[in-house]
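Reviewing the structure listed below.
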Amino acid sequence: MIMNFFEINADLHIHSKYARGVSNKMEIPVLAKQAKLKGVQLLGTGDCLHNKWLSHLKENLKGEGIYEYNGSETKFVLQTEVQTFDRVHHVILLPSFSKVEELREKLMKYSNNLDADGRPHLSISGEEIAEFVFECEGLFGPAHAFTPYFGVYAHYNSLKECYGKYSNKISFLELGLSADSHLADKISELHKLTFLSNSDAHSPYPLRLAREFNRMKIKEFTFEELKKVMLQKDLRKVILNCGFYPEHGKYHLSRCKNCLMFYKLEDAKKLNWKCGNCGGTINKGVKDRILELSDCDGNPERPKYIHIYPLIEIIAIAHNIKTLYSESVSEIWEKFIKKFGNEIRVLIDVEIEKLKKIDKKVAEYIDAFRQDKIKQIPGGGGVYGKLLPLGKKPKIEFFKYRQKSLSEF
């Protein structure tokens with residue numbers, strides 16, 4: 001029997017209602033409904049090591065390897081995020097409930113909050129957790145790899161330093177909101193890896209769910225197929241990454257977290273990461289951290305990356321509406337979804353001329369996103385970037401470093 005390839009949209013990193021700071025609406029029935037509206041065919045479950053969430057998953061999901069809820073169009077893969085002793089976060093994908101139970105048993109003695117928080121803290125290293133995951137036949141890689149505080153490159157200069165003898169078995173790397181393929185591919189050790197652009201969603205609604213996602217080419221919904229995608233094997237692979245402009249990320253540029261002054265890397269270093277304007281701490285931006293590690297210009301083999309925003313936000317800025325969940329925004333959003341089926345189709349696939357028949361202003365913004373003509377005030381210092389109206393250019397003030405003269409000492 002010959003099976004043809006087909007394409008799916010996947011978001012492989014979310015959280016459940018049992019993780020800190022997450023909506024109580026994060027339950028499988030709600031996720032299945034909202035994922036359909038978004039246009040996601042494969043969704044990570046989030047937090048599968050947590051005992052109460054694991055029970056919820058077993059009650060609601062049927063299948064093996066890739067699971068489904070009550071005939072829903074959206075399938076699920078068992079997924080969690082963990083933090084190791086060095087504060088680095090990692091994404092884990094597992095092939096069955098039995099392997100989840102097996103991994104839970106291995107980790108019980110290394111965590112004091114395994115059943116208290118959906119993202120458990122472990123007293124072991126990246127190399128040790130990698131060994132456990134691979135013993136359980138799972139997939140494993142760094143979460144939001146460049147994020148200050150919790151990204152692997154915030155603490156290490158290479159994957160080898162973090163994952164040791166298992167660094168060559170790492171098959172994917174999650175980019176996070178403050179980086180994209182163009183930036184990450186300046187580091188040559190990453191060229192062999194599959195890049196994932198996931199949402200890390202804490203809410204089930206289309207504003208958050210799959211705000212970043214991956215388009216994959218597969219032949220069937222199985223865990224083995226997903227593994228082949230990560231390994232880029234037998235023509236299975238990620239064919240498109242979609243996510244925010246890196247400038248939107250709240251740690252994109254180096255910036256004082258007190259007065260929010262922007263800094264060039266060389267000036268921040270000269271000031272030993274103390275703000276010359278107010279004396280506060282300068283947070284090193286993702287862009288500057290990548291430039292520190294950069295050893296090449298890029299990777300011509302990498303799949304395309306399309307910068308997107310949630311449709312609700314595009315509607316609001318196109319019509320200069322301050323409240324995202326206003327009735328007028330919802331009405332326009334519903335018109336697009338009723339006509340074209342889901343949000344991802346509107347953002348990525350539907351012809352612009354067809355979108356204009358629903359709303360010309362919104363269609364013009366979507367077209368600008370597709371052509372990378374959108375400008376933003378970059379984020380940094382813990383503050384998200386800000387999308388600008390079409391035609392507007394950002395005004396960014398960087399600290400002007402001035403070498404002190406001898407008379408000033």
Working note: E81 + H144, criterion side chain to side chain donor-acceptor pair (under 3.5 Å); need CA distance, chi angles, decisive distance, verdict. CA-CA 11 Å; E81 178 186 18; H144 38 74; 3.0 Å; yes
When you look at E128 and L122, which way does the side-chain contact (heavy atoms from CB on, under 4.5 Å) test go after all the steps? CA-CA 10 Å; E128 290 170 303; L122 307 175; over 6 Å; no
Could you check K237 against T194 for side-chain contact (heavy atoms from CB on, under 4.5 Å), going step by step and ending with a plain yes or no? CA-CA 8 Å; K237 59 184 177 180; T194 291; over 6 Å; no
Would you sort out whether L173 and F146 count as a side-chain contact (heavy atoms from CB on, under 4.5 Å), showing the intermediate values? CA-CA 10 Å; L173 173 140; F146 304 100; 4.1 Å; yes
Between Y156 and D86, is a side chain to side chain donor-acceptor pair (under 3.5 Å) present by the stated rule, with each step listed? CA-CA 10 Å; Y156 300 98; D86 47 13; 2.4 Å; yes
Under the criterion ring-ring contact (aromatic ring centres under 6.0 Å, His included), I'd like the reasoning laid out for Y309 against F244: C-alpha separation, chi angles, the key distance, then a yes or no. CA-CA 6 Å; Y309 251 48; F244 287 179; 5.2 Å; yes
From CA spacing to verdict: side-chain contact (heavy atoms from CB on, under 4.5 Å), L12, V91: CA-CA 9 Å; L12 300 179; V91 174; 5.9 Å; no
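Side-chain atoms of T84 come within 3.5 Å of backbone atoms of V88 as a donor-acceptor pair (strictly under, hydrogens ignored). Checked by atom type and distance alone, the side chain of N9 pairs as donor or acceptor with a backbone atom of G39 at under 3.5 Å. Within the 3.5 Å criterion, the main-chain N or O of L49 finds a donor-acceptor partner in the side chain of R104. Side-chain atoms of Y365 come within 3.5 Å of backbone N or O of L390 as a donor-acceptor pair. Between the side chain of D117 and the backbone N or O of R20, at least one donor-acceptor pair lies under 3.5 Å. Checked by atom type and distance alone, the side chain of S23 never pairs as donor or acceptor with a backbone atom of S203 at under 3.5 Å. The backbone N or O of I344 lies less than 3.5 Å from a partner atom in the side chain of N342, making a donor-acceptor pair. At distances below 3.5 Å, at least one donor-acceptor pair connects side-chain atoms of D359 with backbone N or O atoms of K361. With hydrogens and angles disregarded, a donor-acceptor distance shorter than 3.5 Å links the side chain of S254 to the backbone of G285. In this structure a side-chain-to-backbone donor-acceptor pair under 3.5 Å is missing from D11 to F213.
L139 is listed as a side-chain neighbour of K227, based on a closest heavy-atom distance under 4.5 Å. Between H307 and D372 the shortest side-chain heavy-atom distance falls below 4.5 Å. Inter-residue side-chain proximity for L311 and P206 is flagged as unmet; no heavy-atom pair is nearer than 4.5 Å. Using a 4.5 Å cut-off on side-chain heavy atoms (C-beta onward), V238 and V229 make contact. Looking at L31 and I14, their side chains come closer than 4.5 Å, going by heavy atoms from C-beta outward. Residues L54 and V100 form a side-chain contact, since some pair of their non-hydrogen atoms from C-beta on lies under 4.5 Å apart. A 4.5 Å side-chain heavy-atom check between R255 and L253 finds every atom pair outside the cut-off. Contact of the V329 side chain with the L324 side chain is not registered, since no non-hydrogen atoms from C-beta on lie closer than 4.5 Å.
The side-chain hydrogen bond (donor to acceptor under 3.5 Å, both in side chains) with S188 is formed by just one residue from the set N299, D295, D297; it is D295. The only option from F140, Y166, F172, F150 that meets the ring-ring contact (aromatic ring centres under 6.0 Å, His included) definition with H90 turns out to be F140. The salt bridge (charged side-chain N to carboxylate O under 4.0 Å, His left out) test with E27 is passed by exactly one of K52, K33, K17: K17.
A perpendicular orientation is assigned to the rings of Y251 and Y149, their planes being inclined by more than 60° (bins at 30° and 60°).
Across all their heavy atoms, G276 and L271 have their closest contact at N-CD1, 4.0 Å. When all heavy atoms are compared, the tightest approach of D47 to A19 is OD2-CB, 3.5 Å. Here the closest heavy-atom approach between residue I352 and residue R370 is recorded as CD1-NH1, 3.7 Å. For the pair P142 and V152, the tightest heavy-atom approach, listed with the atom from each and the gap, is CB-CG1, 3.8 Å. Residues G141 and Y163 come closest through the heavy atom pair C-OH, 4.1 Å.
For CD of E220, the number of neighbouring non-hydrogen atoms (other residues, nucleotides, ligands) closer than 6.0 Å is greater than 12. Counting non-hydrogen atoms of other residues, nucleotides and ligands closer than 6.0 Å to NZ of K36 gives a total of 12 or fewer. A 6.0 Å sphere centred on NZ of K373 holds no more than 12 heavy atoms belonging to other residues, nucleotides or ligands. Counting non-hydrogen atoms of other residues, nucleotides and ligands closer than 6.0 Å to CD of E101 gives a total above 12.
H248 has its ring centre less than 6.0 Å from the ring centre of Y384.
Between K269 and E266 there is no salt bridge, since none of the side-chain N atoms of the basic residue sits less than 4.0 Å from a carboxylate O of the acidic one. Checked for salt-bridge contact, E225 and K219 miss the test: no charged N lies under 4.0 Å from a carboxylate O. Under 4.0 Å is where a charged nitrogen must lie from a carboxylate oxygen, and between E313 and R211 no such pair does. Between K160 and E189, none of the side-chain N atoms (NZ, or NE/NH1/NH2) sits under 4.0 Å from a carboxylate O, so this pair counts as no salt bridge. Between K99 and E102 there is a salt bridge, with a side-chain nitrogen of the basic residue lying less than 4.0 Å from a carboxylate oxygen of the acidic one.
Between the side chains of S72 and N70, no donor-acceptor pair of N or O atoms lies under 3.5 Å. Side-chain atoms of H121 and N112 form no donor-acceptor pair, as typed in the model, at a separation below 3.5 Å.
Remark: K169 is positioned above the aromatic ring of F134, its terminal NZ or CZ atom under 6.0 angstrom from the ring centre and at most 45 degrees off the axis.
With sequence neighbours excluded, the residues satisfying side chain to side chain donor-acceptor pair (under 3.5 Å) with E343 are K38, W333. Every residue was checked against the side chain to side chain donor-acceptor pair (under 3.5 Å) condition with S330, not counting sequence neighbours, and none meets it. With sequence neighbours excluded, the residues forming a side chain to side chain donor-acceptor pair (under 3.5 Å) with D367 are Q371, listed by chain and number. Remark: S96 engages S98 in a side chain to side chain donor-acceptor pair (under 3.5 Å) (not counting sequence neighbours).
Taking CG of D200 as the reference point, atom CG of L209 lies at 11.5 Å (rounded to 0.5 Å). Put simply, CG on L177 and CG on N198 are 10.0 Å apart, with the number rounded to the nearest 0.5 Å.
For the ring-ring contact (aromatic ring centres under 6.0 Å, His included) condition, the pairs that include at least one residue of residues 188-211, sequence neighbours left out, are H15-H202. Judged as a ring-ring contact (aromatic ring centres under 6.0 Å, His included), the pairs with a partner in residues 46-69 (not counting sequence neighbours) are, in order, Y18-H50, W53-H56, Y67-F97.
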